[in-house]
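Report on the following structure.
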Amino acid sequence: MRKLVGFLNLQKGVAENRERLMSIEQCLDPSPELSRNPKRKYIMEGEFLEIMKNQKIPVYFFLLSDVLIFCRPQKKRTIPPRYKFLKME
């Protein structure tokens, strides 16, 4: 019985991770295929302010097990929010 409970908990975690990756895909422009890699895990996300030329610019990030995605909120406010990829230079 314990093995079954452990297996079900593991499968629940895998399904929740895939669901979170798919919701991230939907809010990014252009939309990457994040959920295609079965080993990819969602870790965290957050927002910070980038200071450029005395101006504070919001930047949002998604940290996954194998990639860090930086993006900016799109000017048009939507629910759920949409983000545009940033090119790292």
Side-chain angles (χ1 to χ4, degrees):
M1 186 66 157
R2 286 185 179 164
K3 286 183 180 182
L4 177 61
V5 170
F7 174 76
L8 292 175
N9 283 336
L10 180 65
Q11 292 305 308
K12 180 183 177 200
V14 168
E16 288 172 348
N17 182 67
R18 185 166 312 279
E19 184 178 312
R20 184 66 188 126
L21 290 174
M22 288 171 38
S23 70
I24 292 171
E25 284 176 359
Q26 292 173 355
C27 74
L28 292 174
D29 184 28
S31 181
E33 296 179 353
L34 298 174
S35 60
R36 292 227 178 199
N37 183 345
K39 294 181 180 180
R40 182 172 286 148
K41 304 282 187 257
Y42 167 81
I43 298 174
M44 70 181 298
E45 63 188 86
E47 185 176 30
F48 61 91
L49 294 175
E50 180 180 11
I51 300 174
M52 294 181 69
K53 299 179 184 174
N54 296 328
Q55 196 175 28
K56 295 178 182 177
I57 302 168
V59 176
Y60 206 81
F61 72 91
F62 296 96
L63 178 60
L64 308 177
S65 59
D66 62 340
V67 66
L68 176 60
I69 300 170
F70 285 100
C71 46
R72 284 218 172 95
Q74 290 189 348
K75 293 181 182 182
K76 182 179 177 183
R77 301 285 182 197
T78 61
I79 297 176
R82 302 269 308 156
Y83 300 97
K84 181 112 175 129
F85 278 113
L86 290 178
K87 291 182 181 177
M88 301 308 291
E89 298 175 12

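If you read the sequence from its start, that first residue is 1, and numbering goes on from there.
Other residues, nucleotides and ligands contribute more than 12 heavy atoms inside 6.0 Å of the CD atom of E45.
Taken to the nearest 0.5 Å, the CD1 atom of I24 stands 11.5 Å off from the CE atom of M22. Interatomic distance, N37 CG to R18 CZ, rounded to the nearest 0.5 Å: 9.0 Å. If you take CG on D29 and CZ on F85, they are separated by 8.5 Å, rounding to the nearest 0.5 Å. Atom CZ in R82 sits 7.0 Å away from atom SG in C27 (nearest 0.5 Å). Expressed to the nearest 0.5 Å, how far NZ of K75 lies from NZ of K84 amounts to 11.5 Å.
D66 places no side-chain N or O within 3.5 Å of a backbone atom of R40 that could act as its donor or acceptor partner. Not a single donor-acceptor pair under 3.5 Å links the side chain of E50 to the backbone N or O of I57.
You'll find the side chain of P81 stays beyond 4.5 Å of the side chain of Y60, heavy atoms only. Two residues are said to be in side-chain contact when any heavy atoms from C-beta on lie closer than 4.5 Å; L21 and L64 meet this criterion. Side-chain atoms of L28 and F62, non-hydrogen and from C-beta on, do get closer than 4.5 Å to each other. Counting heavy atoms from C-beta outward, S65 and K39 have side chains that stay 4.5 Å or more apart.
Classified by interplanar angle (parallel below 30°, tilted 30° to 60°, perpendicular above 60°), the ring pair F61/F48 is tilted.
Hydrophobic cluster membership differs between F70 and M52, with clusters built from Ile, Leu, Val, Met, Phe, Trp and Tyr side chains linked at under 4.5 angstrom. The hydrophobic cluster containing L68 also contains I43, counting ILVMFWY residues as joined when their side-chain heavy atoms lie under 4.5 angstrom apart, directly or transitively.
Smallest separation of non-hydrogen atoms from E25 and P32: CG-O, 3.2 Å.
Here E16 does not pair with R20 in a salt bridge; the nearest charged N to carboxylate O distance is not below 4.0 Å.
Clustering of Ile, Leu, Val, Met, Phe, Trp and Tyr by side-chain heavy atoms under 4.5 Å joins V14 with none of the others.
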